[in-house]
Protein chains: 2
Amino acid sequence: MLNSDATDHATGNAEIARQFAALGDPIRFAIIDRLAREGEVPAGALSEGFAVSAPAVSRHLGVLHKAGLVQRRVEGQRRLYSVAPESMRRIALWTLSHRAFWQGSLSRLDALIALEEHSDD
Amino acid sequence: MLNSDATDHATGNAEIARQFAALGDPIRFAIIDRLAREGEVPAGALSEGFAVSAPAVSRHLGVLHKAGLVQRRVEGQRRLYSVAPESMRRIALWTLSHRAFWQGSLSRLDALIALEEHSDD
DNA sequence: TCGCTGTTTAACATATTTGTTAATTAACCG
DNA sequence: CGGTTAATTAACAAATATGTTAAACAGCGA
């Protein structure tokens with residue numbers, strides 16, 4: 001058991017973990033997936049789309065907003081939500097930093113060899 | 001409020017959401033990050049690296065295993081854990097499927113993305 | 001102003017998650 | 001066999017998350 005550095009090697013690991021946690025709920029994941037496809041969607045439309053009450057969706061949106069995954073824009077009485085691009089980029093970057101594990105159909109050993117070969121990133 | 005299809009448009013959304021949930025815990029995220037860098041690591045070594053007890057790490061590994069994110073190999077009295085490549089690929093593909101949201105601004109990254117450009121959408 | 005629509009906050013019950021320590025299982029070695 | 005190491009499972013407390021309904025807030029328009 002070491003200090004907290006041991007659980008947080010790279011910069012911003014805690015933040016991306018919180019973003020993954022936000023994406024971990026099926027409803028929130030579906031919300032993000034839908035926003036990424038449809039662009040801006042008002043809260044009310046999302047409530048109709050998912051099988052929980054409007055207050056529940058509202059709080060899910062709050063969680064996503066707090067995690068930095070969505071942006072909110074006020075237009076009249078509606079709140080229009082959309083995906084925050086930077087957050088998606090952060091997640092994509094993380095997957096790319098470990099791309100040796102998913103590029104092609106690599107075995108675990110191949111992945112490690114690939115990691116050795118381009119150790120930059 | 002529609003039926004459950006509305007919260008699960010694409011195939012396997014529930015599964016990837018569970019994987020995000022597994023990655024959402026800071027310790028589990030750090031475990032995955034470390035396994036992706038180091039390859040196979042026995043449970044005991046992980047326990048030493050993170051600031052919680054061995055049983056706690058063991059259960060985190062169980063969660064990761066159940067979510068399909070890690071593989072377990074028994075060697076003598078040790079259990080060697082490693083990242084399951086397919087799960088990483090699934091997450092990477094999800095980010096790529098929404099790359100319109102993040103590919104805009106990083107030029108060094110654009111080259112990497114260009115390599116994947118032929119694959120989907 | 002009043003009522004209507006859109007959305008969030010409050011209050012609360014229930015379920016899940018996470019951590020701890022103690023006990024258990026399994027393999028190794030004298 | 002008996003002791004030691006490696007890891008998991010059991011039992012339980014505390015914290016967090018999720019859903020509901022009711023109330024509150026805010027903008028729109030007659």
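Letters A, B, ... are given to chains in the order of the sequence lines, protein chains preceding strands, and every chain is numbered from 1.
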A.B. asks: Could you pull out all residues at least two apart from E40(A) that satisfy side chain to side chain donor-acceptor pair (under 3.5 Å)?
C.D. replies: R73(A)
A.B. asks: Mind running a 4.0 Å heavy-atom check of residues 74-84 of chain A against DNA chain D and sending the residues that fall below it, in number order?
C.D. replies: G76(A), Q77(A)
A.B. asks: Rounded to whole angstrom units, what separation is found between the CZ atom of F50(A) and the P atom of dT18(D)?
C.D. replies: 15 Å
A.B. asks: Considering only distance and modelled atom types, tabulate donor-acceptor pairs under 3.5 Å from the side chains of residues 18-31 of chain B, sequence neighbours left out.
C.D. replies:
unit_1: Q19(B); atom_1: NE2; unit_2: A67(B); atom_2: O; d: 3.3
unit_1: D25(B); atom_1: OD1; unit_2: I27(B); atom_2: N; d: 2.9
unit_1: D25(B); atom_1: OD1; unit_2: R28(B); atom_2: N; d: 3.1
unit_1: R28(B); atom_1: NE; unit_2: A22(B); atom_2: O; d: 2.7
unit_1: R28(B); atom_1: NH1; unit_2: H60(B); atom_2: ND1; d: 3.0

A.B. asks: What do you reckon, are the aromatic ring centroids of W102(A) and H98(A) less than 6.0 Å apart?
C.D. replies: no
A.B. asks: Excluding sequence neighbours, so at least two apart, what forms side chain to side chain donor-acceptor pair (under 3.5 Å) with R78(A)?
C.D. replies: E75(A)
A.B. asks: Under the salt bridge (Lys or Arg N to Asp or Glu O under 4.0 Å) rule, collect the residues that match up with E86(B), sequence neighbours excluded.
C.D. replies: none
A.B. asks: Between H65(B) (NE2) and dA7(D) (P), how many Å, whole number?
C.D. replies: 15 Å
A.B. asks: Given dT8(D), dT8(C), dA7(D), which nucleotide is nearest the side-chain atoms of A54(A)?
C.D. replies: dT8(C)
A.B. asks: Report all interatomic pairs (protein N or O, nucleotide N or O of nucleotides 16-19 of chain C) with separations under 3.5 Å.
C.D. replies:
unit_1: dT18(C); atom_1: OP1; unit_2: D25(B); atom_2: OD2; d: 3.4
unit_1: dT18(C); atom_1: OP1; unit_2: R28(B); atom_2: NH2; d: 3.2
unit_1: dT18(C); atom_1: OP2; unit_2: R28(B); atom_2: NH1; d: 3.0
unit_1: dG19(C); atom_1: OP2; unit_2: H60(B); atom_2: NE2; d: 2.4
unit_1: dG19(C); atom_1: N7; unit_2: R59(B); atom_2: NH2; d: 2.2
unit_1: dG19(C); atom_1: O6; unit_2: R59(B); atom_2: NH1; d: 3.4
unit_1: dG19(C); atom_1: O6; unit_2: R59(B); atom_2: NH2; d: 3.1

A.B. asks: Could you tell me the separation between the CG atom of L61(B) and the C1' atom of dT9(D), rounded to a whole number of Å?
C.D. replies: 14 Å
A.B. asks: So do the side chains of L35(B) and S82(B) get within less than 4.5 Å of each other, counting heavy atoms only?
C.D. replies: no
